[in-house]
> 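First the structure, which I've put down as structure tokens, then a few questions once you've had a look.
Quick note on labels: first sequence line is chain A, next is B, and so on, each numbered from 1.
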Amino acid sequence: MIFENKYIQQRIEKANALKDAGYNPYANDSQRNTTIEKYLNVNSDVVEMENKRDENRHYIVSGRIKFLRIMGKASFVKIEDESGMLQIYVTRDNLHEGFYNTMFKKNIEVGDIIEVGGFPFVTGQGELSLHVDSFKLLTKAISPLPEKFHGVTDKEIRYRKRYLDLIMNADVRKTFQTRSRVISLTRRFFEDKGFLEVETPMMHPIAGGANAKPFVTHHNALGVDRYLRIAPELYLKRLIVGGFEAVFEINRNFRNEGMDATHNPEFTSIEFYWAYKTYKDLIEITKEYFQYLFEHLDLPTLFPYGDLEINFDNFQEIPLIKSLTTIGGVPADITKDKEKIIAYLNEKGITVKPGMNLGQLQGELFDEFVEEKLIDPTFITEYPVEISPLARRSDEHPEITERFELFIAGREIANAFSELNDPIDQLSRFEGQMAAKENGDDEAHEMDSDFVEALSYGMAPTAGQGIGIDRLVMLLTNEHSIRDVLLFPAMKPVSQEINEEDEEN
RNA sequence: GUCUUGUUAGCUCAGCUGGUAGAGCACGUCACUUUUAAUGAUGUGGCCGAUGGUUCGAAUCCAUCACAGGACACCA
């Protein structure tokens, strides 16, 4: 049923024809001795040679056929491996008797993975190629590839069948190579600073560390529900209590929320915690981190992103309340008065949920009038305590916390603060969150008394930060949808699959 | 969750105010030993996303559903 398509049938027949003639269409004994990139580099001098060839050299390369131009008794074929694309020249007279006409021309086609041996030469058009003297099919593709020029552009196909997207679109491969580099560099940066990489649970008894709806699963042996973690924060801080002074974790978080261009239900973040430091140290290390990334990725610090130009040499720092007036244009006299803020928001056509406190309303003003205007990297500091349940209060101004968020191109990239380490204060913050939950805020924090107990043994003054890796990669690869930096973004199942599930139930 | 746009051949897309479906690539056959999205000739290929409705007649109009894109809402 799955292979009923006539093109697939045709290709299966070709695979069978090869098999009948003694050629395994899924051969396993690859003899490849170089990659295409290396071949092109090593033989670049052939261009300078008088007869444009060196028959004393011999290489075996492998790859997928992307273009196939048969011209009678000779053919030009473009094959591609992970490192690059190579043109090979296949002729009847350089292969053993009959193979070219009865096998190559009849049964080999675009999409097949082949292995060829031969010597380097340069064509009349000046392209360094491989003159083939041995030819072997490694893998027969029985499904045809998408069209060679336009490739596959349908986003649904690109996300659901990412392998096709990767076969057809070199720039997509590049994006994911960059993503891998970013994660690798991030790991190296923090290791070089003396941070210890740790792994904490993905299944939590309490969904803590952030405000979000969790996914729920069930542990049969224990007979209890578990939550896929929404953040690793509370576990990492337990490790600081335990005496590790600098830890980080790069891993997935899961949030049961809506999906859009910047949200996927599972996403990757780095969180790091640093004892005997404050959020001011985090500002410095964050600047250093970006510098490190740009240097090692060889990116310009005057960075084009869509229609924007971001200056990564221009890190700004501004307190939240101040940003409301200087950037958001909100009158200074209203930013510290609940009723005036509500009136102002209403005047702008924005309705607010009843019962919001001053800090939440200030956050609302920020989201409405400031966030999208922050293009160059900007640390917004001094967050209200009401919307920062895990952050340490400022010693001088107890209504604000020692916290910042980093915004770039109008999007939040990082969230950081000096950690709350007073167990009594932490307990009362949790109680405040419980009260909010009673009032219908279903995303308020859960009480985590085990965590409070951990704090009660004493956590050194610590600063901690989370950075959204997906959004960071979006920036660095100039992508504008999180799906384009996730190899397999979340998709609804096609209706057929839903029906099958229904039948089982 | 709301609004909006889309879904036609393996892929990329046409198809006007309703009259039984079209191109390019790919694929089959033929020709071709220096091509670059090779070329020339010729041919095959479709439940027009699904289900209903209007109509003598629906890819086209209407409704519902499914999936996708975009915007908004929610959310760090």
> Before we go on, tell me: are the rings of A:Y235 and A:Y273 under 6.0 Å apart, centre to centre?
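That pair fails the under 6.0 Å test.
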> Would you please classify the geometry between the A:Y89 ring and the A:H131 ring as parallel, tilted or perpendicular, with 30° and 60° separating the classes?
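Ring orientation of A:H131 relative to A:Y89: perpendicular.
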> What salt bridge (Lys or Arg N to Asp or Glu O under 4.0 Å) pairs are there with at least one residue in residues 66-75 of chain A, not counting sequence neighbours?
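Only A:K66-A:E80 qualify under salt bridge (Lys or Arg N to Asp or Glu O under 4.0 Å).
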> Determine the contact category for A:R411: base if any of its heavy atoms lies under 4.0 Å from a base atom, sugar-phosphate if only primed atoms, P, OP1 or OP2 are that close, otherwise nothing.
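The residue A:R411 makes no contact with any strand.
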> By nearest atom, which of the nucleotides B:C67, B:G10, B:C11 is closest to the A:Y7 side chain?
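Selected nucleotide: B:G10.
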> If each of A:E156 and A:V152 is mapped to the nucleotide of RNA chain B with the nearest heavy atom, which maps nearer the 5' terminus, i.e. the 5' end?
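The 5'-side residue here is A:V152.
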> Could you check, using the six-membered ring where one of them is a Trp, whether A:Y163 and A:F488 have ring centers closer than 6.0 angstrom?
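So the answer is no for these two rings.
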> What's A:R11 touching, base or sugar-phosphate or nothing? Going by heavy atoms closer than 4.0 Å.
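Since no nucleic acid heavy atom lies under 4.0 Å of A:R11, the category is nothing.
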> Side chain of A:T153: nearest nucleotide among B:G28, B:C13, B:C67?
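Of B:G28, B:C13, B:C67, B:C13 is nearest to the side chain of A:T153.
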> Atom NZ of A:K106 to atom C1' of B:U29: distance rounded to whole Å?
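Taking NZ of A:K106 and C1' of B:U29, I get 8 Å after rounding.
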> Given B:G69, B:C11, B:C74, identify the nucleotide with an atom nearest to the side chain of A:D260.
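Shortest atom-to-atom distance from the side chain points to B:C74.
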> Does A:M491 reach a base, just sugar-phosphate, or nothing at all? Heavy atoms under 4.0 Å.
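The residue A:M491 makes sugar-phosphate contact but no base contact.
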> Just grab all the salt bridge (Lys or Arg N to Asp or Glu O under 4.0 Å) pairs involving residues 119-146 of chain A, residues at least two apart or on different chains.
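Matches after skipping sequence neighbours: A:D29-A:K136, A:K78-A:E127, A:E109-A:K140, A:D112-A:K140.
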> Suppose you measure atom C1' in B:G10 against the same atom in B:C3; what distance do you get, rounded to whole Å?
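Rounded to whole Å, the distance is 34 Å.
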> Any idea how A:F104 and A:Y100 line up, ring-wise: parallel (<30°), tilted (30 to 60°), or perpendicular (>60°)?
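A:F104 vs A:Y100 ring planes: parallel.
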> Nucleotide by nucleotide, 5' to 3', does protein get under 4.0 Å of the base (B), only the sugar-phosphate (S), or neither (-) in nucleotides 32-42 of chain B, counting heavy atoms?
BBBBBBB----
> Assign A:Y100 to base, sugar-phosphate, or nothing according to its heavy-atom contacts below 4.0 angstrom with the strands shown.
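Counting heavy atoms under 4.0 Å across all strands, no contact is made by A:Y100.
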> Parallel, tilted or perpendicular for A:F272 and A:F190, by the 30°/60° rule?
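Answer is tilted, since the angle falls between 30° and 60°.
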> What contact category does A:G468 fall into here, base, sugar-phosphate, or nothing, at under 4.0 angstrom with non-hydrogen atoms?
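Contact class for A:G468: none.
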